[in-house]
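Right, I'll just put the structure down here and ask away after.
Below, read A as the first sequence line, B as the second, and so on, with proteins coming before strands; counting in each chain starts at 1.
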Protein chains: 2
Amino acid sequence: MVQRRNTRQRTLVAEAVSALHTHPSANDVYAYVHERDPHVSLGTVYRNLNLLAEEGKILEVHTPGGSHYDFRTDDHDHVVCTHCGSVADAGVSRHRSIDDDVEVNTGYRVTGHFTVFEGVCPACQAKQAAQAS
Amino acid sequence: MVQRRNTRQRTLVAEAVSALHTHPSANDVYAYVHERDPHVSLGTVYRNLNLLAEEGKILEVHTPGGSHYDFRTDDHDHVVCTHCGSVADAGVSRHRSIDDDVEVNTGYRVTGHFTVFEGVCPACQAKQAAQAS
DNA sequence: ATACCTGCAAACTATTTGCACTTGA
DNA sequence: TCAAGTGCAAATAGTTTGCAGGTAT
């Protein structure tokens, strides 16, 4: 077991993810943190996001275009906008875990899975409608 | 409708994805193509992979660490190895599309979704077992 | 003929890392 | 004390793009 310390920076990063319920990117978290402590570096933000995700204290959401972070740590799926990259909870309840089936089929030792829906968010739909005049 | 041409390069890229049934990355495709025509550039490989995927002639598989390409164009899910990045078909049949539910829940105009399972491939499992001596 | 396409190299985005210094326990 | 953590800048990986010249139709 590795010994972990409670640093000011780590606390700030955790606080950012808790406060921002918008599925922030690493950069969004950096902006929040940087506002409160301009000395914190982006590298440190990444290091702490990875640590917190590893510990299961936050959830990492993989999307094309980069990772986002979620204060909700229960398994749930997400939608990502193919135009602006915004992320939202999918709001569908998860079907039974099929991880075991995949394990049998492929020989991979399966540790989990994630589903990402792709679409266009309401804001970008409005923008498109405005353009199509 | 854009006019598309049949170039030697585009044919080679399509051929590579058809021939390689290993869910190749852009680099793998580049290696295959480069072997038959050393003048073809990586940029061209990317441009053609994107075009072919857009046309639905090949499937783009998003994984953490980069895209992979699949000659199978029917909707199906994948497993990715968290150690070496190898990709395989998950081999599970897809549950009914819940895209519409997500659309209702979120307001996003949903165009599709993809599920990626994470795990450790048989080869990497063997490597781990050998180390743990 | 002329749009589409290509090679090449540079640019870009997201993320990681080496190193010397700081700091929590 | 001293290993874990940090800041900074440089490095890396994956992918895109501007431009000048090439080529399919």
Quiz prompt | Bending between helix ends of the helix from C:dA1-D:dT25 to C:dA25-D:dT1 [5 pairs per end, 10° resolution] | solution =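 Roughly 30° between the end axes, to the nearest 10°.
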Which donor-acceptor pairs under 3.5 Å do side chains of residues 41-48 of chain B form with protein atoms, sequence neighbours excluded?
from, atom 1, to, atom 2, distance (Å)
B:Ser41, OG, B:Thr44, N, 3.3
B:Ser41, OG, B:Thr44, OG1, 3.2
B:Asn48, OD1, B:Arg10, NE, 2.6
B:Asn48, OD1, B:Arg10, NH2, 3.2
B:Asn48, ND2, B:Thr44, O, 3.1

Quiz prompt | Integer-rounded Å distance: C:dC8 P and B:Gln9 CD | solution =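 Checked: the CD to P distance equals 11 Å.
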Quiz item: Has the side chain of A:Glu103 got a donor or acceptor atom that lies under 3.5 Å from a matching backbone atom of A:Val110?
Solution: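 Yes, A:Glu103 side chain to A:Val110 backbone: donor-acceptor pair under 3.5 Å.
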Quiz item: Short question: side chain of A:His68, backbone of A:His23 - any donor-acceptor pair under 3.5 Å?
Solution: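 Yes; judged by distance alone, with no hydrogens or angles, the pair exists.
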Quiz item: From the 5' end of DNA chain D to its 3' end, which nucleotides mark the outer limits of contact with chain A, defined by a 4.0 Å heavy-atom distance cut-off (strictly under)?
Solution: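 The protein-touched segment is D:dA3 to D:dC8.
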Exercise. Take nucleotides 15-25 of chain C nucleotide by nucleotide from the 5' end and write B, S or -, depending on whether a protein heavy atom sits under 4.0 Å from the base, only from the sugar-phosphate, or from neither.
Key: BBBB----BBS
Quiz item: Listed by chain and number, what are the side chain to side chain contact (heavy atoms under 4.5 Å, CB included) partners of B:Arg36, not counting sequence neighbours?
Solution: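 Per chain and number, B:Arg36 pairs via side chain to side chain contact (heavy atoms under 4.5 Å, CB included) with B:Leu12, B:Glu15, B:Tyr32.
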Self-check item: Sidechain-backbone polar pair: A:Asn105 side chain, B:Gly91 backbone, donor-acceptor under 3.5 Å
Solution: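 Checked: pair present.
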Self-check item: Separation of atom OH in A:Tyr30 from atom C1' in C:dT13, rounded to whole Å
Solution: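 After rounding, the reported distance stands at 16 Å.
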Practice problem: Compare every heavy atom of B:Tyr30 with every heavy atom of B:Val40, then report the nearest pair and how far apart it is. | Solution: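 Answer, listing the atom of B:Val40 first, then B:Tyr30: O-CE1, 3.4 Å.
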Quiz item: Partners of A:His76 by side chain to side chain contact (heavy atoms under 4.5 Å, CB included), sequence neighbours excluded?
Solution: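 Here the qualifying residues are A:Leu59, A:Asp70, A:Arg72, A:Asp74, A:His78, A:Asp89.
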Self-check item: Main-chain N/O of A:Val120 paired to A:Gln125 side chain as donor or acceptor, under 3.5 Å
Solution: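 At least one qualifying donor-acceptor pair exists.
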